[in-house]
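Down below is the structure, laid out as structure tokens.
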Amino acid sequence: MSEQNDPMAEIRASFFIECEELLEALQDGLQIMSDDADDSETINVVFRAVHSIKGGAGAFGLEFLVRFAHRYETVLDEVRAGRLDVTPDALKVFYRAADHLWDLVRISRDGLPEPEAHTADLLTALDGLLGDRGPADEAEEDAQIDFQPQALSLTLDLAGGGDLPSLDPHGPGCLRIRFTPLAELFESGNEPALLLRNLCELGRATVRCDTSRVPPLAELAPGAPHLGWEITLETDADESEIASVFEFVEGLCHLEISAENAADDPPQPQELPRFDPVSDLDASPPLADAANPAPRPLSPTPREPTAPVSPKPAASASRTVVRVDLERIERLVNLVGELVINQAMLSQSLERSGLSPHSDAMNGLEEFQRLTRDIQDSVMMIRAQPVKSLFQRMSRIVREASAAVDKDVRLVVHGEDTEVDKTVIERLADPLTHMIRNAVDHGLESRAARLEAGKPEQGQVHLSAAHRSGRVVIEISDDGAGINRARVQQIAIEKGLIPADAVLSDSEIDNLLFLPGFSTAQQISDLSGRGVGMDVVRTAIQALGGRITTTSQPGAGTTFSISLPLTLAVLDGMVVDVAGETLVLPLNLVVETLTLGAGDVQMLRPGRNVVRVRSGFVPLLDLGAALGYRDPLTDFNGSVVLLIAQEDGSTAALLIDNIVDQRQVVIKGLDESFHRAPGIAAATILGDGQIALILDPSDIISNAMSPHQPMATLHRAEGAIA
Amino acid sequence: MSLAILAVDDSRTMRDMIRLALLPAGFTVHTADDGLHGMEVLEGIDPDAIITDINMPRMDGFGFIDAVRGQDRHRATPILVLTTEAAPELKQRARAAGATGWIVKPFDPDKLVKALRMVAG
């Protein structure tokens, strides 16, 4: 945006952003068309998306992009004109062409070579749709669109003019031009005075106005043109320059151009017997009349659209978009983070100073806190972005993966407007791609197997996003055969990942899929369950502060659920004290806090306690002991517990020593060089400068509550790999 | 001479390019995203010339030209059609709607300026 930047480079960058929006609109349109809800506006949107990409690509000389978009557009235009039906086969080609257009846009952006073979395949497929309307004139069209920046193309066949005389190439020629406007010339907003002026700029000109046809005043029809001009022009301009002056009025005037010095005498026009010199064109009264012709005959097109339009500056203002470098926003996010820390420091020191809560300073502090939060929310909103673009990429993955394994798969998408931090979206792309491929390849049965199982041949993959208690939950589910647990367990035993005699619950077996050793198995193609690269997926999700869980039902399918923080920067936290350590828990997971009385805790067996909460019992976890800060408590009277909401809807109680505060904390990621410790999500800096760990209570609970031998083995295996 | 131009195009890239071509030549440039938006913008300004795209949502170029020409004060305002197509029948349709001239995309900045000066003075 700074001035020293090349404006063309900026427009080019913004063109590629616009392309992505257009490609999204294209995908949406195709989706609507494939849902059988196609109306003329949808095909228009699809057409315009491709058309606009072509137009912009032309401006930047991106030839292969122009060429492909043009052919695609040609086929869409046939659909738009009602000459081509949108069959399922045609839609497949449209989708593939849209995918390819994505590729070509990226390739153009990055300056990579065109994948010509692939382009040729798709062009053939597109041409195939045209059938016998085939690309007869494509070669010619290609030549035409393979343009260099060139404007005002001239295909003059001037009415009444005939061929232009060839001028003497060695010196100025002398031309005699006779120009008589028709009424239509004025109706199209053209102006003879300007044409004459432009002509005069080409050389030395003498202009005479023919006023012979101007009727007596009483008979003057203001809408009808009465004037003509004869121009003698001495010029060395070439034909095309002369012609370009009259390009726009081609067919709207009588025009004769002849060489003055031609051997035969210039034809004496019968209709223009007398020319008067005109010194001031604009002062010519009949011309002034002609420039204000009577209202032109209206075409039947209704003019209603103009009527209800009222001044709506707000409408256009709301569409104003500023494009900002992501780095600048990152900087802003960091600064806001510092502000939050600073505010916490200020609060702490003011509280310590023993000021009255009603003092001006404390009131000011409250306002300061509110403003800080507003600023922070606003900044986060800048980074929020719907997951739509990500989901659209996934629909492509489904198309490609299903074609590769010859399965008929339909992707059903929900909640694509759900907004998530841009960074989160970007870093989700790879894990999601992996999981979608897995769902198609391993999750869904073959066509034959589905029919045999009494299911429709077409498999379904659902992809959804939703906000749930301050986090975003993304689910990938299929209606396939479900995880073949016996097989998964057997493979895990063969790989030495679990003891041969391990007794595992279903969910523990499902979790085996996430083991690194499991995913690298060579015979994975034999497996009817899951497993390819799921450890990589889990690592990526965890790096985002998220969790991934699996549920599977034999014969009915498998669901992977990813729970992620909305943002990677700031968190509403509950600051607690455990064995002298200050820890932070995400506030949104804390559903209730309780102080225990005698008899609230019951022991199921040594080391396994439950808390009575109203009518039910909730498992109790001693946080200090779980983190190894101290030995397990034995007397719970007067202790504080936090009830933590679990992903699966259950609740668990965390035993802590004390609640210190509720406040926003700035999340500082732990350095990569640290070992990932289960249950530790990140760290933060508190107001007093102290560093506190941010816990992932669900992780801690699920680890601590599953003290089975096999799970312990899992962690060792994981630790060894990491 | 400074001319005020209204450029109507649904492509942000095109609008940016037009602005980039015309601002250095001393033009004042207003833009609109489609025909309907163009009509809204036109209520607040009185441009010396209008440039419009053809394929646009809500109200396309033909509809826009027709609507502009339908207003008395814009009966003679020059309107240039900016189009990727050079097909004669398209020019004919544009002219029938009341267009003054046309420019083929991608346009050359100098020629755009020249064409505008040619129709708008």
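Within every chain, numbering begins at 1; the chains are lettered A, B, ... in the order of the sequence lines, protein sequences first and strands thereafter. Keep in mind it's a predicted model, so treat the numbers as computed, not measured.
Contact of B/Asp60 with chain A is not made at all, since no heavy-atom distance falls under 4.5 Å. At a 4.5 Å heavy-atom cutoff, B/Leu82 makes no contact with chain A through either its backbone or its side chain. Proximity to chain B (any heavy atom under 4.5 Å) is restricted, for A/Glu21, to the side chain, taken from C-beta onward. With a threshold of 4.5 angstrom between heavy atoms, A/Leu185 does not approach chain B through any atom at all. Proximity to chain B (any heavy atom under 4.5 Å) is shown, for A/Asn190, by both the backbone and the side chain.
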Trace of the side-chain contact (heavy atoms from CB on, under 4.5 Å) decision for B/Met118 with A/Leu194: CA-CA 6 Å; B/Met118 199 150 87; A/Leu194 293 172; over 6 Å; no
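In A/Arg109, the CZ atom is crowded: over 12 heavy atoms of neighbouring residues, nucleotides or ligands sit closer than 6.0 Å.
Rounding to the nearest 0.5 Å gives a distance of 11.0 Å between OG of A/Ser52 and CZ of B/Arg12. The structure places CZ of B/Arg19 at 8.5 Å from CD1 of A/Ile11, a figure rounded to the nearest 0.5 Å. Expressed to the nearest 0.5 Å, how far CG of A/Leu22 lies from OG of B/Ser11 amounts to 7.0 Å. Taking NE2 of A/His70 as the reference point, atom OG1 of B/Thr84 lies at 8.5 Å (rounded to 0.5 Å).
A donor-acceptor pair under 3.5 Å links the side-chain atoms of B/Thr100 to the main chain of A/Ser188, judged by distance alone. A donor-acceptor pair is defined here as one N or O able to donate and one able to accept, closer than 3.5 Å; such a pair exists between the side chain of A/Arg48 and the backbone of B/Met56. Judged by distance alone, with hydrogens and angles left aside, the side-chain atoms of B/Arg95 form a donor-acceptor pair with the main-chain N or O of A/Phe248 at under 3.5 Å.
Ranked by heavy-atom pairs under 4.5 Å with chain A, the list B/Gly35, B/Gly101, B/Gly44 is led by B/Gly101. In terms of non-hydrogen atom pairs under 4.5 Å with chain A, the most contact-rich of B/Asn55, B/Thr77, B/Asp16 is B/Asn55.
At least one side-chain heavy atom of B/Met17 sits less than 4.5 Å from a side-chain heavy atom of A/Met8. Taking 4.5 Å as the limit, every side-chain heavy atom of B/Val119 sits out of range of all side-chain heavy atoms of A/Glu191.
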